[in-house]
Amino acid sequence: TRVLTSDGTANGAIAESGFTYDGNYVTIYGGERIESDSASALGAGTNLVTTVPTTTGNSCHFEYYVVNGTGAARTGVVMAVWNGSSAAFTDTSTTDLNGTTEGIAFTVTVSGGNVRLNAVVTTGVWTVKVGTRIIF
């Protein structure tokens with residue numbers, strides 16, 4: 001559904017065709033979609049954090065924050081690009097705060113029509129918060 005904006009005048013409301021919100025996702029001028037998610041109590045192994053349908057775009061930035069039970073934290077961006085069957089990605093992040101975050105890393109895969117951001121945990125228990133910007 002369209003988002004109403006106003007220029008501040010009595011009859012200045014406009015239903016924007018290029019700015020929509022469907023209850024879950026904000027789409028801005030048809031070129032970008034923004035969503036957020038979080039996952040907690042992630043333990044050893046590969047943990048699904050969030051998914052994006054492959055049909056929603058061509059690439060995205062998963063902007064994340066991770067923290068463990070001792071307060072070790074970092075923030076970063078996993079940049080991903082995909083086609084119908086595979087993905088390429090890179091992770092750029094801050095240095096660690098309050099201890100090491102070596103116990104968590106990310107992968108991006110394509111499966112079942114979805115791009116999947118996975119947290120790979122080798123040690124500790126983690127919380128991940130992620131904001132996803134899909135570019136299409």
task = Assess whether side chain to side chain contact (heavy atoms under 4.5 Å, CB included) is satisfied between Val115 and Thr51, documenting all intermediate values.
result = CA-CA 5 Å; Val115 178; Thr51 62; over 6 Å; no

Could you tell me if the side chain of [Y] sits less than 4.5 Å from the side chain of [X], heavy atoms only?
X	Y	result
Ile14	Leu4	no
Val110	Ser85	no
Thr127	Val66	no
Asn58	Ile135	no
Thr75	Glu63	no
Val77	Asp91	no
Val78	Leu117	yes
Val128	Leu42	yes

ask   = Does any donor atom in the side chain of Arg74 or Tyr65 lie under 3.5 Å from an acceptor atom in the other side chain?
value =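 No, no side-chain donor-acceptor contact under 3.5 Å.
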
ask   = Do Asp96 and Thr101 meet the criterion of a side-chain donor-acceptor pair at a distance under 3.5 Å?
value =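 Yes, because at least one side-chain N or O of Asp96 sits under 3.5 Å from a partner of the opposite role on Thr101.
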
query = Is the gap between the ring centers of Phe62 and Phe106 under 6.0 Å?
reply =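 Between Phe62 and Phe106, the centre distance exceeds or equals 6.0 Å.
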
Least distance between heavy atoms, [X] atom then [Y] atom:
X	Y	result
Asp7	Thr9	OD1-OG1, 2.6 Å
Ser6	Gly8	OG-N, 3.0 Å
Ala72	Thr100	CB-O, 3.4 Å
Asn83	Thr54	O-CG2, 4.5 Å

Path from [X] to [Y] over hydrophobic side-chain contacts below 4.5 Å:
X	Y	answer
Ile104	Val67	no
Val81	Met79	no
Val125	Val49	no

query = At what distance, to the nearest 0.5 angstrom, does CD1 of Ile34 lie from SG of Cys60?
reply =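 Result: 12.5 Å between the selected atoms.
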
query = Any donor-acceptor pair under 3.5 Å linking the side chain of Trp82 with the backbone of Asn114?
reply =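 A pair under 3.5 Å: no.
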
request  = Evaluate the side chain to side chain contact (heavy atoms under 4.5 Å, CB included) criterion for residues Trp126 and Ser40: first the C-alpha distance (whole Å), next the side-chain angles of each, then the deciding distance (0.1 Å), finally the verdict.
outcome  = CA-CA 6 Å; Trp126 296 87; Ser40 58; over 6 Å; no

request  = For the pair Thr109 and Asn118, evaluate side chain to side chain contact (heavy atoms under 4.5 Å, CB included) and give the outcome as yes or no after the intermediate values.
outcome  = CA-CA 8 Å; Thr109 58; Asn118 305 296; 3.3 Å; yes

